[in-house]
Amino acid sequence: MNKILTILLSLISFSILSQTTYEINSFSEKYKGKLIIEKGLEDDIFKKGEISIYDINKNIITIKSEEFTFELTSDGNIETDIIELPYGKQSIIIYQDFNFDGKKDLAVMDGQYSCYHGPSFQVYLETGNDLKHSPEFTRLAQEYCGMFQVDYESETINTMTKSGCCWHQFSKFKVEENKPILIKIIEREFSPDGLTEDYVEKNIINDTLVEMKYSYLAEEVDIIEVYSMNFENGKKMSVFRAFAFEDYLFYVFTDKDSKIELLYRDEFIYHKNKNTLTFINKNVEYKIDSVGILVKTPKRKVHLKAKEIGENMTLSSLSELKLKNLKTK
């Protein structure tokens with residue numbers, strides 16, 4: 001009997017010595033936390049162990065994981081409520097109001113199950129009496145990239161997910177009856193040549209999906225403006241070269257919000273005697289001169305008069321360029 005007791009005590013002692021325990025007591029006046037990590041894994045990036053949440057003296061949540069990640073403060077405590085968005089360093093415990101009812105809720109890391117092996121969480125809503133697990137909020141902290149963002153000004157929840165370097169999806173949710181309800185999706189990707197950022201925006205209005213598409217010139221593309229015009233309505237025209245396509249000339253016409261209305265990159269003709277630049281796109285002829293743009297369709301002509309010309313820019317500079325898609329006559 002004494003031999004069995006000795007063996008049991010030895011096992012208990014070994015179990016205690018093979019673990020490192022962290023008390024997490026600073027995140028809430030109502031709840032306490034305890035994190036147990038297997039001995040020897042403290043300095044690993046991903047740590048095997050379990051975390052427990054206590055209400056006074058009662059254990060109300062226990063989560064085991066093979067891949068906890070956390071940061072320690074200078075005094076050896078675990079940092080909480082750190083959320084680097086859209087994805088980055090995130091705390092093992094996040095204690096915030098997620099459903100805009102004025103009561104703080106709880107998200108507890110359960111591993112690295114979100115996109116690209118990022119941190120994931122189980123989410124519990126504060127009911128006033130206890131914490132209640134929310135499958136709907138938990139899904140947002142599992143199926144996207146890391147923890148979701150809470151926007152208290154607009155009372156919306158925002159998530160992000162991605163595929164590779166060039167496609168991102170941003171989703172917005174409102175909260176109804178303690179559940180996140182999708183209201184908007186914005187998908188962004190770069191064009192194959194990297195020249196534009198292309199967006200698909202989907203808004204859910206009265207249970208109907210309304211979709212619109214638009215593009216911008218990619219901020220990452222370095223351009224040299226050859227000639228530009230601004231118009232009274234805030235629209236802009238620019239003839240430019242891009243370092244990634246240094247042998248070609250481009251034309252872009254954008255609205256007041258910099259959304260592209262027309263991007264053209266095929267053949268241009270510079271008429272030296274008239275000092276005009278022309279091109280034809282889908283049976284529409286465009287003629288750029290020193291005062292504006294003449295747009296000629298098979299049925300009508302429209303003369304867009306510029307408010308101002310780009311500083312120190314002249315069309316005559318085109319005669320000095322040797323580009324594959326520019327002819328001089």
Side-chain angles (χ1 to χ4, degrees), residues 166 168 170 184 186-201 203 210-272 274-329:
C166 302
H168 291 73
F170 305 89
K184 175 182 284 191
I186 295 178
E187 295 174 354
R188 183 193 74 188
E189 64 180 330
F190 289 95
S191 60
D193 58 12
L195 189 62
T196 63
E197 292 182 17
D198 302 326
Y199 288 79
V200 178
E201 182 174 330
N203 290 278
V210 179
E211 181 177 298
M212 57 181 172
K213 298 180 180 180
Y214 49 89
S215 298
Y216 300 94
L217 284 178
E219 293 182 0
E220 292 79 3
V221 177
D222 291 323
I223 68 171
I224 303 174
E225 281 194 320
V226 179
Y227 196 65
S228 68
M229 294 177 173
N230 294 317
F231 299 87
E232 289 286 353
N233 55 9
K235 296 186 177 185
K236 179 179 179 180
M237 181 281 298
S238 176
V239 176
F240 67 91
R241 297 167 57 202
F243 282 110
F245 312 90
E246 58 183 14
D247 293 331
Y248 290 86
L249 191 68
F250 294 85
Y251 166 97
V252 65
F253 194 89
T254 58
D255 68 11
K256 61 183 180 61
D257 299 315
S258 299
K259 293 178 181 177
I260 296 173
E261 293 189 1
L262 175 62
L263 178 62
Y264 178 85
R265 65 185 79 190
D266 292 329
E267 185 179 79
F268 293 88
I269 299 175
Y270 173 63
H271 303 268
K272 199 170 184 179
K274 298 178 180 179
N275 194 30
T276 60
L277 179 69
T278 63
F279 63 90
I280 297 175
N281 180 58
K282 296 179 180 179
N283 296 322
V284 179
E285 181 182 352
Y286 296 79
K287 183 169 71 174
I288 305 165
D289 56 27
S290 60
V291 295
I293 307 171
L294 178 64
V295 182
K296 184 179 179 181
T297 72
K299 294 184 177 181
R300 60 183 297 218
K301 293 180 181 180
V302 178
H303 199 181
L304 305 175
K305 293 186 178 180
K307 175 183 176 183
E308 58 185 7
I309 307 297
E311 188 176 359
N312 299 322
M313 292 183 180
T314 60
L315 279 172
S316 59
S317 64
L318 291 168
S319 62
E320 303 171 4
L321 300 178
K322 303 297 182 182
L323 303 174
K324 291 181 178 179
N325 64 337
L326 176 63
K327 293 181 179 181
T328 300
K329 290 185 178 181

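Note that this is a predicted model, so its numbers are computed, not measured.
For the pair F240/L217, a side-chain contact is recorded, criterion being any heavy-atom separation below 4.5 Å from C-beta on. When side chains are defined from C-beta on, K296 does not count as touching T278, because their heavy atoms never get closer than 4.5 Å. Here the side chains of R241 and V226 are in contact, with some heavy-atom distance below 4.5 Å. D193 is listed as a side-chain neighbour of R265, based on a closest heavy-atom distance under 4.5 Å. Using a 4.5 Å cut-off on side-chain heavy atoms (C-beta onward), V239 and F268 make no contact. Using a 4.5 Å cut-off on side-chain heavy atoms (C-beta onward), Y227 and I309 make contact. Counting only heavy atoms from C-beta outward, the side chains of Y251 and L277 never approach each other to under 4.5 Å.
Annotation: E219, atom CD; neighbour count of heavy atoms from other residues, nucleotides and ligands within 6.0 Å does not exceed 12. Around the CG atom of N283, the shell of radius 6.0 Å holds no more than 12 heavy atoms that belong to other residues, nucleotides or ligands. Other residues, nucleotides and ligands contribute only 12 or fewer heavy atoms inside 6.0 Å of the NZ atom of K305.
Here the closest heavy-atom approach between residue S316 and residue N275 is recorded as N-OD1, 3.4 Å. Minimum heavy-atom separation, E246 to L323: O-CD2, 3.5 Å. Of all heavy-atom pairs between M237 and F253, the closest is CB-CD1, 3.8 Å. Smallest separation of non-hydrogen atoms from I293 and M229: CG1-SD, 4.1 Å. Nearest approach of D255 to K235, heavy atoms of both residues: CA-CG, 3.8 Å. For V291 against D289, the heavy-atom pair with the smallest separation is N-OD1, 2.9 Å.
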What's the verdict on side-chain contact (heavy atoms from CB on, under 4.5 Å) for T276 and L294, showing C-alpha distance, side-chain angles and the deciding distance?
CA-CA 10 Å; T276 60; L294 178 64; over 6 Å; no
Stepwise, does the side-chain contact (heavy atoms from CB on, under 4.5 Å) test hold for K274 with K287?
CA-CA 11 Å; K274 298 178 180 179; K287 183 169 71 174; 5.9 Å; no
Check step by step if ring-ring contact (aromatic ring centres under 6.0 Å, His included) holds for F170 and Y199.
CA-CA 11 Å; F170 305 89; Y199 288 79; 8.2 Å; no
Mind running side-chain contact (heavy atoms from CB on, under 4.5 Å) on I223 and F250 for me, showing each step along the way?
CA-CA 10 Å; I223 68 171; F250 294 85; over 6 Å; no
Evaluate side-chain contact (heavy atoms from CB on, under 4.5 Å) for I224 paired with F243, printing each intermediate quantity in order.
CA-CA 8 Å; I224 303 174; F243 282 110; 3.7 Å; yes
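Residues F279 and Y264 place their aromatic rings such that the two centres sit under 6.0 Å apart.
With rounding to the nearest 0.5 Å, the separation of CG in L315 from OH in Y270 is 6.5 Å. The line from OG of S228 to NZ of K236 is 5.0 Å long, rounded to the nearest 0.5 Å. Separation of atoms CD (E197) and CD (E189) is listed at 11.0 Å; rounding is to 0.5 Å. Atom CE of M313 is separated from atom OG of S290 by 15.0 Å, given to the nearest 0.5 angstrom. One finds the NZ atom of K272 at 15.0 Å from the NZ atom of K329 (value rounded to the nearest 0.5 Å). Considering CD1 of I288 and CG of L304, their distance stands at 10.5 Å, rounded to 0.5 Å.
Distance alone, capped at 3.5 Å, is enough to place a donor-acceptor pair between the N325 side chain and the L249 backbone. For D257 (side chain) and K259 (main-chain N/O), no donor-acceptor pair under 3.5 Å exists by modelled atom type. Under a 3.5 Å cut-off, the side chain of T196 and the backbone N or O of D198 do not form any donor-acceptor pair.
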